[in-house]
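Below is one structure, written out as structure tokens; comments come after it.
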Amino acid sequence: MVSFEMNDRKKIGLGLTGFGILFSFLGIIFFFDKGLLAMGNILFLSGVMLTIGLKSTMQFFTKPKNYKGTISFGFGFFLVLIGWPVFGMILESYGFIILFSGFWPTLAVFLQKIPVLGWLFQQPFVTSFFDRYRGKRVPV
């Protein structure tokens, strides 16, 4: 069994990932500001690399089943950098959903355990939505 220890590198990685999400959100709020979006992308990717490691990140993005998500995320990142933030973010969002769709059931279990917010995610209509996708990507 693999234990998840929280060392300083992983703490910094989670912080960078959080700041990347924050900057991307601010970039969208400020009418697709390409500077904030580019900074959010760079911080997000560097945070993921620090959190799970460079080798694991490369293995994740280069898996054959993740090619479609990796290519669309990378091309969207490129479009944001060259100054087409709307099309870039649409393509990045698609790639993000494809790449991280296997983590939705894990996220659902985590959200159900949050004290106040968990009540909402334990409602039958929400659990039926998550149960529909549980068997498709994650073994039961």
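Between F87 and W84, the ring planes are tilted. Angles from 30° to 60° get that label.
Between the CD1 atom of I114 and the CG atom of L120 there is a distance of 10.5 Å, given to the nearest 0.5 Å. To the nearest 0.5 Å, atom CG of residue L111 and atom NZ of residue K113 are 11.5 Å apart. A distance of 12.0 Å separates CG of L79 from CG of L37, quoted to the nearest 0.5 Å. Rounding to the nearest 0.5 angstrom, the gap separating the CD atom in E92 from the CG atom in L99 is 11.0 Å.
You'll find the side chain of M89 stays beyond 4.5 Å of the side chain of F77, heavy atoms only. In this structure the side chain of M6 reaches within 4.5 angstrom of the side chain of L14, judged on heavy atoms. Counting only heavy atoms from C-beta outward, the side chains of L43 and T17 never approach each other to under 4.5 Å. Residues S24 and N41 are in side-chain contact: their nearest non-hydrogen atoms beyond the backbone lie under 4.5 Å apart. Two residues are said to be in side-chain contact when any heavy atoms from C-beta on lie closer than 4.5 Å; F73 and L45 meet this criterion. Between F44 and F96, some side-chain heavy-atom pair lies under the 4.5 Å cut-off.
Under a 3.5 Å cut-off, the side chain of T70 and the backbone N or O of F61 do form a donor-acceptor pair.
Placement of V86 and V80 within a single hydrophobic cluster is found when ILVMFWY residues are connected by side-chain heavy-atom separations under 4.5 Å, directly or transitively.
Other residues, nucleotides and ligands contribute more than 12 heavy atoms inside 6.0 Å of the CZ atom of F60.
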